[in-house]
Protein chains: 2
Amino acid sequence: MIKLSKMTDYAVVILAEMATRDGQLLSAAGLASHTRLPEPTVSKILKLLTKNMIISSKRGINGGYSLVKAPAEIDMASVITALDGPIALAACVEASPECCDYADNCKIKGHWNPVNIAMQQALERVSLAQMINNKGCPNE
Amino acid sequence: MIKLSKMTDYAVVILAEMATRDGQLLSAAGLASHTRLPEPTVSKILKLLTKNMIISSKRGINGGYSLVKAPAEIDMASVITALDGPIALAACVEASPECCDYADNCKIKGHWNPVNIAMQQALERVSLAQMINNKGCPNE
DNA sequence: ATAAAGTGTACTTTTGTAGTACGGATTTGA
DNA sequence: TCAAATCCGTACTACAAAAGTACACTTTAT
């Protein structure tokens, strides 16, 4: 299975929680208890989201985190890139400094690129708002 | 990074090698030496590809593997599914028997589904032939 | 019957993720 | 100005999944 890291999964849960309290400044501890996720993990995720400008932070007493964009403007490609790095299926992509070790024998040099681009575009089309509005568990 | 397993990467290299010798019956050992990949690994991959009807095998002396479809008819979604299982980004998808442990607090229950479908479709549109024809290393 | 080839299972090693811990920096308010 | 609450950064440990390896079994042509 092409896996998304758990961290990214958690990140979306946290962002969804923040979206329902738009404008409020929320502490890491508060978000952890609301989402029932371990606090250190939540902190780590919030830090990464902050570094990637998806949320903003305020330090000191009464500090906390808040969304900088509307949920409809936050796309999944940004969130995944923030947590897992660039969206790429294989090591052998355009960004890598050189061809892989098997370059001479490899008949598909760097050609995951079209696939990677297609996936990137697919993820850019899904917003946080869309994921929240899509209600209910499909198994119920 | 959203990772594809190395096995899948190898699988495409092996299939590309087979495509250039269309019709020939090739042994696991032969494919291993042509691709410079470890032989046991190549065997494991060929076995999985056979089970998923992407290639066919012939046993006994002078046996080997061959493609059952033209390279243009082999899509990446099939190859990835053969090696890594169903294409799905998160554990919390339609196929899973129940909602995740955080179901009660989770505001995005099972909503990676639209993303998964978009990715599946993107991968179905890329054929083995396309990946082979796309020549040269982008860094050269 | 034997050798060459695919098949299946189980084990070991390696790698990367997830989780944890702790000390530091920043801001507010008394 | 001090203390408390909060964010920030780094390093370490534990666990799980992937990758690689080994080996015994089955099939088939000669």
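So that the names make sense, note that chain A is the first sequence line, chain B the second, and so on, each numbered from 1. Side-chain atoms are counted along with the backbone in the values below, which use heavy atoms only and exclude waters and symmetry mates.
One interatomic measurement links the two molecules: CD1 of Ile61(A) to P of dC2(D), which rounds to 17 Å at whole-angstrom precision. Rounded to an integer number of Å, the gap from CG of Leu83(A) to P of dT17(C) is 12 Å. Note: NZ (Lys58(B)) to C1' (dT26(D)) measures 15 Å, nearest angstrom. Atom pair Ile55(B):CD1 and dA5(C):C1' shows a separation of 14 Å (rounding to whole Å applied). Taking atom CG of Leu48(A) as the reference point, atom C1' of dA18(C) lies 13 Å away to the nearest angstrom. Rounded to a whole Å, the CD atom of Glu39(B) is 14 Å from the P atom of dC23(D). In this structure, Leu46(B) atom CG and dG20(D) atom C1' are separated by 16 Å, rounded to whole Å. If you measure from atom OH of Tyr65(A) to atom C1' of dT27(C), you get 14 Å, rounded to the nearest angstrom.
Qualifying side chain to side chain donor-acceptor pair (under 3.5 Å) partners for Glu124(A), counting only residues two or more places apart in sequence or in other chains: Gln120(A). Under the rule for a salt bridge (charged side-chain N to carboxylate O under 4.0 Å, His left out), Arg59(B) has no partner lying at least two apart in sequence or in another chain.
Residue Leu83(A) holds its CG atom at 10.5 Å from NZ of Lys44(A), rounded to the nearest 0.5 Å. Met18(A) contributes atom CE, which lies 8.0 Å from atom CG of Leu25(A) (distance to the nearest 0.5 angstrom). Remark: His34(B) NE2 to Ile14(B) CD1 distance equals 13.0 Å, nearest 0.5 Å. Taking OG of Ser78(A) as the start and CD1 of Ile54(A) as the end, the distance is 5.5 Å to the nearest 0.5 Å.
Checking the phosphate oxygens (OP1, OP2) of dC7(D), no side-chain nitrogen or oxygen of Ser43(A) falls inside 4.0 Å. Put simply, Ser27(B) has no side-chain N or O that comes within less than 4.0 Å of OP1 or OP2 on dG6(C). Neither OP1 nor OP2 of dA18(D) sits under 4.0 Å from any side-chain N or O of Tyr10(B). The phosphate of dA19(D) has OP1 or OP2 within less than 4.0 Å of a side-chain N or O from Ser5(B).
Within 4.0 Å of Ala29(A), counting heavy atoms only, lies no atom of the nucleic acid at all.
Nearest to the side chain of Thr50(A), among dT21(D), dT30(D), dC8(D), sits dC8(D).
In terms of position along DNA chain C, the nucleotide closest to Leu26(B) lies nearer the 5' end than the nucleotide closest to the other residue of the pair Thr41(A) and Leu26(B).
Side-chain contact check for Ser5(B) and Thr8(B): at least one donor-acceptor pair (N or O, by modelled atom type) lies under 3.5 Å.
A donor-acceptor contact under 3.5 Å is not formed by the side chain of Arg59(B) with the base of dT28(D). Evaluation of atom-type donor-acceptor distances gives a pair under 3.5 Å for the side chain of Lys47(B) against the base of dG8(C).
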Close N or O pairs between protein and nucleotides 11-17 of chain D (under 3.5 Å):
residue : atom : partner : partner atom : Å
dA17(D) : O3'  : Lys3(A) : NZ           : 3.2

